[in-house]
Amino acid sequence: MTLRSFLRHEAVLGLMLVIVLFLLAQQSDKFFTTANILNQGRLMTEVGLIALPMTFVIITGGIDLSVGSILGLCAILLGVFWHNLGLPLPVAMVLAIVVGGIAGLVNGLIITRFKVPPLIATLATLALYRGLAEGISQARSVRGYPDWFFVLGQGEVLGVPTQLWILVIFAIIAAAILGLTTFGRATYAVGANETAARFSGINVDRTKLLIYTGAGLISGLAAVIFVSRVSTTRSDMGTGVELDVITAVVLGGTSIFGGRGTIIGTAVGLILVQALKNGLALSGVKGDGTIVVIGLVLILAILATNLFSRNGDG
Amino acid sequence: MSLDIAAPRRSASTGIFARTISTYGQEFIILAAIVALFVVVGLIAPRFVSQTNLTSIFSGNAYIAVAAIGMSMVIISGHIDVSVGSLIGVLATIAGTLAVNGYPIWFAWCAPIAVGMVITSLIGVLVAYVRIPSIVVTLGMLSILKGGLISVTGGAWITNLPPDFLIAQFRLFGVPSPVWFMLGLTLVAAIFMRYTAFGRSIYAIGGNAEAARVAGIRVERQTVAIFAIHGFFAGIAAILFATQLQVIQSTVPAGLELTVITASVVGGVSILGGTGTVVGSTLAAILFAAIGSSLIFLNVSAYWLRSVQGLLILATVLADMARRRGVK
């Protein structure tokens, strides 16, 4: 039953992707050029990276709204560690990522130790982490990073943007963990039925802690790449990223109720969102107009899946 | 579990005073916090309790309290609306646009409220009948409203608002009208929530939707109605927000949805659904506004405000969880 409804969603999504790509290609002949596609890969890396642990989070039946704020906090701290504290940049990068991990760990502790629903726990830390970023930075930005640092976000390896390699490698690792390891099976089990998972000997709390910490770490990594891509740090970085990330994951067939989802689905969802953004921009829709379309696509995709699966599964 | 949280908790003690405190514990704590804040900050910086500042705290933030009333109902029924900030931005812009284009003032006030109710009813239908989780629907709605607003208006300012339109600047007995709206609507909503069958059904649905259904509550229809009422309050909040200055900036106020949700949650509305009061959410909105204002008087950078907001939500939610475990 789950396989059938899963295939059904994949089919709907695949069909949507084909239609969207076809329509967008009609609108602009720049759409299907190598340069454009690689550039889009560059732009979607931060969202894509965070979407990987977010898939795990949502499969466990949770959600993490704080990832955008963690990104902002890590970006600011990268600047502070390097510029204000005078640490070597590589050390600052590692520390920034570690802070992301700590932020994620705090989310996990609030959710597992105090049984606070993930939605409200991460809504609170969304405000908290963004507030820390704003308070620490006092609206000052840090610029003037050394040239080697920009390789990460603006450079290329073998003709492909550096961060796209990172994204692909992490996606493969994430897919392997989710699909092939006991940890991956535990993730599904926790989302499908937490009590049952507990009784079958799965350490539910530890699984969740690891997943939320992972989400924080990856958000920190995304922050470093983001700073490298745009050459500056500001406290409002990553505002609203959680929306893009959750849209990609949910579009990709991961059930918001938990227990179902794949990394491949997330990848397809991610490409669909980015293709929409890019294609619409190329056909002359302004940036804010594309947000409307993404919101619509999110609702319509869930709507379609819900209607289909209700007909099928009765 | 649903039963003991659906009704206000009663303590074993028979004293009316003790019972009131235990029933409205959260409200008393917040009220005490507000009083303490005003006394302490007032002693340090006397201008904090000057009439001008009090007016700006109460009148300038009343719209948040009004929006938090509807949000509380939504959260008590077990749902959430993260699009309310964008909705208020859109409705305020509609109100301003109607007013400057020569429509009757009453129409410029009422039309946005109607539009708000239509939009939130749509959310309610998607949540109740199509069974899409409210967080997904409203995340989508957030980007639709936000993106739509900016692409239509380009973030332009609406100026030359007719003076008659600026209802938030009216005064009654020397008190600004937003304060009256806040008090009046809180009172009406509190009575409605406590003493009408519909009001009780909101708690029942949030406590246990299945049990509510078995008890004969038409859960889907009620859910749509709850979202419609939420749209009504968002509409009024938008009018108060739109008319408090001489201009309207047609963008979405940043982080407004979070402030509204904070007010509801800190006010004692349990995020698990089933408990909470609108009196608490209004008090929490006032507390939060007072904290924001006091930061300025205490020479703390306003950039820290958001962290305070986050800590406040965390503290109240953790306290709620601890208390709940104690009750069990």
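Chain letters run A, B, ... following the sequence lines, proteins first, then strands; residues in each count from 1. None of the values given here were measured: they were computed from a predicted structure.
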Run the side chain to side chain contact (heavy atoms under 4.5 Å, CB included) check on B:S143 and A:L243 step by step: do they pass? CA-CA 8 Å; B:S143 51; A:L243 178 68; 3.6 Å; yes
Heavy atoms, side chains only, cut-off 4.5 Å: are A:I110 and B:L318 in contact? yes
Is atom CZ of B:R221 surrounded by more than 12 heavy atoms (other residues, nucleotides or ligands) closer than 6.0 Å? no
Is B:L258 close to chain A through its backbone or its side chain, or both, or neither, when contacts mean heavy atoms under 4.5 Å? side chain
Can you list the steps and then say if B:W304 with A:I136 is a side chain to side chain contact (heavy atoms under 4.5 Å, CB included)? CA-CA 8 Å; B:W304 290 106; A:I136 291 170; 4.1 Å; yes
Between B:I132 and A:L303, is the side chain to side chain contact (heavy atoms under 4.5 Å, CB included) condition met? List the steps. CA-CA 7 Å; B:I132 309 179; A:L303 194 75; 3.9 Å; yes
For residues A:F257 and B:R131, report the shortest heavy-atom separation together with the two atoms involved. CZ-O, 4.3 Å
Go through A:A121, A:A133, A:G131 and name the one with the most non-hydrogen pairs under 4.5 angstrom from chain B. A:G131
So which heavy atom on A:L128 is nearest to which on B:S307, and how close? CD1-O, 3.7 Å
Please round to the nearest 0.5 Å and tell me the distance separating atom CD of A:E134 and atom CZ of B:R306. 4.5 Å
Is it the case that over 12 heavy atoms from other parts of the model lie below 6.0 angstrom from the CZ atom of A:R198? yes
Approximate separation, where rounding is to 0.5 Å, of B:I261 CD1 and A:I120 CD1: 7.0 Å
So which atom in A:Q138 and which in B:Y303 form the shortest heavy-atom distance, rounded to 0.1 Å? OE1-CD1, 3.3 Å
Under a 4.5 Å heavy-atom cut-off, does chain A meet the side chain of B:L126, its backbone, both or neither? side chain
Which residues share a salt bridge (Lys or Arg N to Asp or Glu O under 4.0 Å) with B:K146, sequence neighbours left out: none
Heavy-atom contact with chain B under 4.5 Å, split by part of A:I256: side chain
Yes or no on side chain to side chain contact (heavy atoms under 4.5 Å, CB included) for A:V292 and B:L145, after CA distance, side-chain angles and deciding distance? CA-CA 7 Å; A:V292 180; B:L145 293 173; over 6 Å; no
Rounding to 0.5 Å, atoms CG (A:L119) and CD1 (B:I80) come to a distance of 4.5 Å
Separation between CG (B:L139) and CG (A:L298), nearest 0.5 Å, reads 7.0 Å
Check each atom of A:Y129 against the heavy atoms of chain B and say whether the ones under 4.5 Å are side chain, backbone, both or neither. neither
Taking atom CD1 of A:I291 and atom CG of B:L149, what is their separation to the nearest 0.5 Å? 10.5 Å
